[in-house]
J.: 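Here you go, one structure.
No experiment lies behind these values; they were computed from the predicted model shown.
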Amino acid sequence: MSRRVLTIERPDFPEELLTDINSPQLRMALRNFQAAASAVGQAIRAMYAFPGDVALCIGITQESHLNARAMQSRAGGPFSIEFTTGYILWAAVVSSILSQLVASEFRLGKSVALSFREFEEDVAQAGVQTCVDETINGIGREIEGSWLFFFESLYLPVLFHELAHVVRGH
């Protein structure tokens, strides 16, 4: 079965993902991911012995489990780094909890689990929109920067890890 990958190069990338979720903050997080992943991809190509003139596509697949992967479609074909929507959603939710904890001087009681397994259970039981409403949609302008910092701290190391697979020809 082939996965549909929504690549960051598309201008309408943030609006195409997680369309069933009502959250301007989540759209902001997706625009942040789009800009940072694009910059990182370009910087890696310039810094390392990237394999030949092979294209690099970075995107997100509409899969609920939490994962990221690097692959090459065929010998000499484009490299692809894919995050699942489940991972991006988890990173945005965890980041919102962390930024709200910091802002409240660690007095805030979390309502959504932080671990992969428990997060998937929370989403399955309460639904994605409820989890987003309880976390991401509570982000105010006063903690937006902190939230995006934590969000980047959760996806950028994974992106670099997957890029290392590409650079090393795995």
Side-chain angles (χ1 to χ4, degrees), residues 1-8 10 12-38 40 57-71 80-166 170:
M1 174 162 90
S2 88
R3 289 179 307 282
R4 182 170 177 239
V5 181
L6 300 171
T7 59
I8 60 172
R10 297 172 60 115
D12 50 352
F13 168 84
E15 286 72 34
E16 289 182 312
L17 285 161
L18 301 165
T19 56
D20 56 334
I21 300 171
N22 181 17
S23 177
Q25 291 88 342
L26 185 57
R27 299 286 162 254
M28 179 191 309
L30 291 170
R31 283 189 297 277
N32 174 279
F33 175 85
Q34 181 182 33
S38 177
V40 165
C57 299
I58 300 173
I60 297 179
T61 65
Q62 305 245 9
E63 298 173 82
S64 61
H65 61 281
L66 285 69
N67 196 15
R69 61 182 77 87
M71 64 185 77
S80 177
I81 295 175
E82 303 168 1
F83 285 81
T84 63
T85 51
Y87 184 88
I88 295 298
L89 183 61
W90 171 83
V93 165
V94 168
S95 300
S96 72
I97 293 169
L98 291 173
S99 60
Q100 290 176 47
L101 276 169
V102 170
S104 71
E105 297 179 350
F106 296 90
R107 293 187 186 106
L108 179 72
K110 71 175 182 62
S111 58
V112 177
L114 303 180
S115 78
F116 276 17
R117 183 182 50 77
E118 291 174 356
F119 177 75
E120 287 178 330
E121 290 170 4
D122 284 350
V123 168
Q125 290 176 355
V128 174
Q129 187 65 56
T130 298
C131 291
V132 167
D133 287 343
E134 292 177 0
T135 57
I136 300 170
N137 286 346
I139 297 298
R141 291 195 88 28
E142 69 281 358
I143 62 170
E144 211 170 74
S146 175
W147 170 57
L148 290 174
F149 168 78
F150 284 123
F151 180 59
E152 289 173 353
S153 298
L154 290 171
Y155 74 76
L156 281 177
V158 175
L159 178 59
F160 278 107
H161 170 87
E162 298 304 333
L163 281 165
H165 285 303
V166 172
H170 295 169

J.: For Ala35, is there any backbone N or O sitting under 3.5 Å from a side-chain donor or acceptor partner on Ser38?
T.: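 No.
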J.: Is there a side-chain contact between Asn32 and Tyr155, using heavy atoms and a 4.5 Å cut-off?
T.: yes
J.: Can you tell me how far CG of Leu98 sits from CZ of Phe149, rounded to the nearest 0.5 angstrom?
T.: 10.5 Å
J.: Any donor-acceptor pair under 3.5 Å linking the side chain of Arg27 with the backbone of Leu17?
T.: yes
J.: Quick check for you: to the nearest 0.5 Å, what is the distance between Ser95 atom OG and Glu152 atom CD?
T.: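 Ser95 OG to Glu152 CD: 9.5 Å, rounded to 0.5 Å.
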J.: Roughly how far, to the nearest 0.5 Å, is the CD1 atom of Ile60 from the CD1 atom of Ile88?
T.: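 Between Ile88 CD1 and Ile60 CD1, I get 4.5 Å after rounding to 0.5 Å.
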J.: What is the minimum heavy-atom distance between Val5 and Glu82, and which atoms define it?
T.: CG2-OE2, 3.2 Å
J.: With side-chain contact (heavy atoms from CB on, under 4.5 Å) as the test, would you mind laying out the steps for Leu6 and Gln62 before giving the verdict?
T.: CA-CA 8 Å; Leu6 300 171; Gln62 305 245 9; 3.4 Å; yes
J.: Is any side-chain heavy atom of Leu89 less than 4.5 Å from a side-chain heavy atom of Val132?
T.: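 Leu89 vs Val132: side chains touch.
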J.: Shortest non-hydrogen contact from Asn22 to Gln129?
T.: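 That would be N-OE1, 2.7 Å.
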J.: Check each of Asn137, Asp133, Thr135 against Ser23 using the side-chain hydrogen bond (donor to acceptor under 3.5 Å, both in side chains) test, and report the only one that passes.
T.: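 Testing Ser23 for a side-chain hydrogen bond (donor to acceptor under 3.5 Å, both in side chains) against Asn137, Asp133, Thr135 leaves exactly one candidate, Asn137.
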J.: Are the side chains of Phe150 and Val94 in contact, using a 4.5 Å heavy-atom criterion?
T.: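 A side-chain contact is absent here, since even the closest heavy-atom pair is not under 4.5 Å.
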J.: Hey, what do you get for CE (Met71) to CD (Glu162), rounding to the nearest 0.5 Å?
T.: 9.0 Å
J.: Could you give the distance from CH2 (Trp90) to CG (Leu154), rounded to the nearest 0.5 Å?
T.: 5.0 Å
J.: Could you work out, with salt bridge (charged side-chain N to carboxylate O under 4.0 Å, His left out) as the rule, every residue matching Glu121, not counting sequence neighbours?
T.: Arg117
J.: Side-chain donor-acceptor contacts of residues 139-146 below 3.5 Å, not counting sequence neighbours, with atom names and distances?
T.:
unit_1	atom_1	unit_2	atom_2	d
Arg141	NH1	Glu144	OE1	3.2
Arg141	NH1	Glu144	OE2	3.4

J.: Between Glu120 and Ser64, what is the shortest heavy-atom contact and its length?
T.: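 Closest approach of Glu120 to Ser64, heavy atoms only: OE2-O, 4.2 Å.
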J.: Looking only at heavy atoms, what is the nearest atom pair of Gln25 and Trp147, with distance?
T.: O-CH2, 2.9 Å
J.: Under 3.5 Å, is there a donor-acceptor pair between the Thr84 and Asn67 side chains?
T.: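 There is no such pair (donor and acceptor under 3.5 Å, judged by atom type) between the side chains of Thr84 and Asn67.
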J.: Ignoring hydrogens, what is the shortest heavy-atom contact between Met28 and Leu148? Give both atom names and the distance.
T.: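 Scanning both residues completely, I find the closest heavy atoms to be SD-CD1, 4.0 Å.
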J.: Would you say the side-chain atoms of Thr19 pair up with the backbone N or O of Glu16, donor to acceptor, closer than 3.5 Å?
T.: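 Between the backbone of Glu16 and the side chain of Thr19 there is no qualifying donor-acceptor contact (under 3.5 Å).
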J.: Measure across Ala68 and Val158 and return the closest heavy-atom pair with its distance rounded to 0.1 Å.
T.: CB-CG1, 3.5 Å
J.: Mind checking the NE2-CD1 spacing from His161 to Ile81? Nearest 0.5 Å is all I need.
T.: 10.0 Å
J.: Is there a donor-acceptor contact under 3.5 Å from the side chain of Thr85 to the main chain of Glu63?
T.: yes
J.: Using the six-membered ring wherever Trp is involved, compare the ring planes of Phe33 and Phe13 and label them parallel, tilted or perpendicular (cut-offs 30° and 60°).
T.: parallel
J.: Applying salt bridge (charged side-chain N to carboxylate O under 4.0 Å, His left out), name anything that partners Asp20, two or more places apart in sequence or on another chain.
T.: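 For Asp20 there are no salt bridge (charged side-chain N to carboxylate O under 4.0 Å, His left out) partners, ignoring immediate neighbours.
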